[in-house]
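Beneath this line is the structure, given in structure tokens, with notes to follow.
In each ligand, atom 1 is the first atom listed, and ligand 1 is the first ligand listed.
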Amino acid sequence: MNNYQKNYLDQPKGNILIVDDIPDNLRVLSATLTEQNYRVRCAKNGLMALKGALRMQPDLILLDIKMPDMDGYEVCQQLKANDQTREIPVIFLSALDDVLDKIKAFEVGGVDYITKPFQVAEVLARVTTHITLQTAKREIEKLNQQLEQRVQKRTVELEAANQQLKQEIAERERIEQQLVHDALHDTLTGLPNRNLLMERIEFAIQHTKRHENYLFAVLFIDLDRFKLVNDSLGHLVGDRLLMAIAHILQECLRGNDMVARLGGDEFVILLDDIQDITYATKIAEHIQTKLRSPLNLANQTVFTSASIGIVLSSTGYQNSSDLLRDADIAMYRAKGRGKARYEVFDQAMYAQTLELLQLENNLRLACRRGEFLLHYQPIVSLLTGELLGFEALLRWQHPEKGLILPAQFIDVAEDTGLIIPIGEWVLRVACHQLRTWQLQFPSVPRVASLKMSVNLASQQLKEPQFAQKLDRILQETGLDGNCLKLEFTESMLIDSGEATQKILSQIRNKGIQLGIDDFGKGYSSLSYLHRFPINTLKIDRSFVSQMNIDRENFEIVRTIITLAHTLGMDAIAEGVEDIEQFTQLQQLGCEFAQGYLFSKPLERRAAESVIAMDSKYLTLFRKKSLGLTR
Ligand code: C2E
Ligand code: MG
Ligand code: MG
């Protein structure tokens, strides 16, 4: 293998296209470069050179300037004009050492020139330089391309990452907004909740401080008997009712007003920027009118109403809780005055509420300190003038205020549930007292048949263990059930169902008698009366006290007595204060009476002397006041 062959087999240093019209030149150059391990192609005119360069791009072109048809400059210009060949470095070959030529050579895009006759070393040096340059240039281009690709790839990746980040941010913002929304709204109705409401009220209060004429109102709305709907028709209907109410309330408002749900069946409306109170009362009336129409919920027709408390900002509030508290107080007042109505808050209401709160606290203390006692009011037979028994009446011996009558605390005791332990205490003491008298006065003939009447609150009857409690009390005190009579009001029967009927029958089965207290004062729906095992109707004092003045009241008393007799019951007249009432009642066939004419409620000792006097007391009474003969 000669040198040539050996070099040829080696990796060539580069591809060179030699363009020259003189074959000798071509040969010499070609041989020289091939010797140096370059791959060489030759072209003997410009046209061939252009074609050859296009067909297979060389790394370098050695281009003769002086050629027939198309000279080297022209060839070079065309090479530079074509994108495919533009980058190939061109070294001009020139026989002349002409300055003008050289300048033109560079102008048309040549990178170098070699003058003839060639010096091999120079040719090789220049070729090597430009091949190396070209290789380096290609390398740079390649690197640039790679870089470009990497940049592009990274850009795409970055864009993708950016997109994902944007999505994540959007999602996070959505979640944040949802959280904020949830924190400020009620899930069931979608209405603003207490937090948002308080914020808005707080804002409105601040506004009143800066703007003298700005006025707003808050309406506290509580559904009447919502619990009944929930308990009897189920929570689904209850929820639907709340949603329907939310909708109705929203419909009653202007754009800048707000309705919020506080929880349960409590809603609050903020009426923003109003002229005066009449706007607030009109809205309340409007709501109540709308609520009067029955609602159809889950195939159930539901009737509802609401009690509304109204507060006006002009009262000068410092914070939202005070304002809401007063709206609540006014709402309770509306409930207390019969429900399905509205009340506007005033300062007196607040004072009364405070007093009530105080009373409640004192009442709790009274239970613990044992400050209660019983007075006993005699009940007398109108036929014989004899003592039938007593009604036990509760008294509160207050350490500072003295003796307090039940009118002042019974309602609070009922509202707070304290009536349950108090009522039980009354029953026990009353039973114990009568039993003690029975043992104390064995010689008084009528003592064994005396009856003790005890007032019952509705909650007591609803107590699941009430019948057992009664048993226990009778057993512990040793009193016979026949000696006990329980009094309760009409409303307890009207609100009641089978459960009440059952417990009343249980009570009757123990021999205990039942009487309806204050009869005629309540709903007076007669349809229920015959369903219950009642023994006595107690005619309300308001009719008795007016019966000799007012014909109508007289007729009512007469009707009640007739009704009692028709239903197989007896009648007791309450609050008999004068002899005329007494005579009239007697003529109407009323069996028993109770009132100041005979006696006020008495302390234990005084009651004992009435029993001890027995016939003496009654004889005296008969002779002096009634002229009874027996
Ligand atoms: P009531 O059961 O209708 O009791 C009769 C009330 O009329 C008693 O008032 C009695 O003092 C009063 N009274 C009796 N005769 C006359 C009269 O001739 N003229 C006038 N002006 N009043 C007369 P009191 O003791 O103040 O009790 C008021 C109400 O408090 C009772 O009305 C009863 O509803 C309730 N109450 C009393 N004690 C208890 C109790 O232990 N438990 C419950 N739940 N309620 C009670
Ligand atoms: Mg009574
Ligand atoms: Mg009464």
For Glu577, the ligand 1 atoms with a heavy-atom partner under 4.0 Å come out as 17 (C), 18 (O), 19 (N), 20 (C), 21 (N)
State, to 0.1 Å, how close Ile534 and Leu514 come at their nearest heavy-atom pair, and which atoms those are.
CG2-O, 3.7 Å
Atom indices of ligand 1, in the order listed, that fall short of 4.0 Å to a heavy atom of Gly595
15 (N), 18 (O)
Any non-hydrogen atom of Pro601 lying under 4.0 Å from ligand 1?
yes
Asp517 OD2 and Glu391 OE2 subtending at the Mg ion (ligand 2) (10° steps):
180°
Which atoms from ligand 1 have a heavy atom of Asp517 less than 4.0 Å away?
1 (P), 2 (O), 3 (O)
Between Asp322 and Arg325, does any NZ, NE, NH1 or NH2 come within less than 4.0 Å of an OD or OE carboxylate oxygen?
yes
Using heavy-atom distances, let me know which of Gln460, Lys538, Arg541 sits nearest atom 7 (O) of ligand 1.
Arg541
Distance-only donor-acceptor hits, side chain of residues 366-378, under 3.5 Å, sequence neighbours excluded:
unit_1: Glu371; atom_1: OE1; unit_2: Trp396; atom_2: NE1; d: 2.9
unit_1: Gln377; atom_1: OE1; unit_2: Gln594; atom_2: NE2; d: 2.8
unit_1: Gln377; atom_1: NE2; unit_2: Ser599; atom_2: O; d: 3.1

Taking both backbone and side-chain atoms into account, decide whether Glu487 has an N/O/S atom under 2.8 Å from the Mg ion (ligand 2).
yes
Using a strict 4.0 Å cut-off to heavy atoms of Gly575, name the atoms of ligand 1 that fall inside it.
15 (N), 16 (C), 17 (C), 18 (O)
Tell me whether Glu391 reaches ligand 1 (any heavy atom closer than 4.0 angstrom to a ligand atom).
yes
Any N or O of Leu597 that comes nearer than 3.5 Å to an N or O of ligand 1?
no
Heavy atoms only: which of Asn455, Ile422, Val426, Ile404 is nearest to atom 42 (N) of ligand 1?
Asn455
Is it true that Glu574 and Lys521 make a salt bridge, defined as a side-chain N closer than 4.0 Å to a carboxylate O?
no
Taking NZ, NE, NH1 and NH2 as the nitrogens, is one of them in Arg261 or Asp186 under 4.0 Å from a carboxylate oxygen of the other?
yes
What verdict does the side-chain contact (heavy atoms from CB on, under 4.5 Å) test give for Asp578 and Asn548, after you've listed the backbone C-alpha separation in whole Å, the side-chain angles of each residue and the deciding distance to 0.1 Å?
CA-CA 10 Å; Asp578 59 46; Asn548 47 0; 3.4 Å; yes
Axial cation check for Tyr596 ring with Lys600, 6.0 Å and 45° limits:
yes
Under 2.8 Å from the Mg ion (ligand 2), is there an N/O/S atom belonging to Asn455?
yes
With heavy-atom distances below 4.0 Å as the criterion, list the atoms of ligand 1 near Gln377.
10 (C), 14 (C), 15 (N)
Kindly confirm whether the Mg ion (ligand 2) is within less than 2.8 Å of some N/O/S atom in Asp518?
no
By number and element, which atoms of ligand 1 are closer than 4.0 Å to a non-hydrogen atom of Ala457?
44 (N)
Would Glu555 and Arg558 count as a salt bridge (Lys or Arg N to Asp or Glu O under 4.0 Å) here? Give the steps.
CA-CA 5 Å; Glu555 285 304 327; Arg558 194 165 66 108; 2.8 Å; yes
Before giving the answer on salt bridge (Lys or Arg N to Asp or Glu O under 4.0 Å), spell out for Arg341 and Glu343 the whole-Å C-alpha distance, their side-chain angles and the decisive distance to 0.1 Å.
CA-CA 7 Å; Arg341 54 182 290 144; Glu343 290 293 332; 2.7 Å; yes
Using distance alone, with no hydrogens and no angle criterion, decide if Asp517 and Thr489 have a side-chain donor and acceptor under 3.5 Å apart.
no
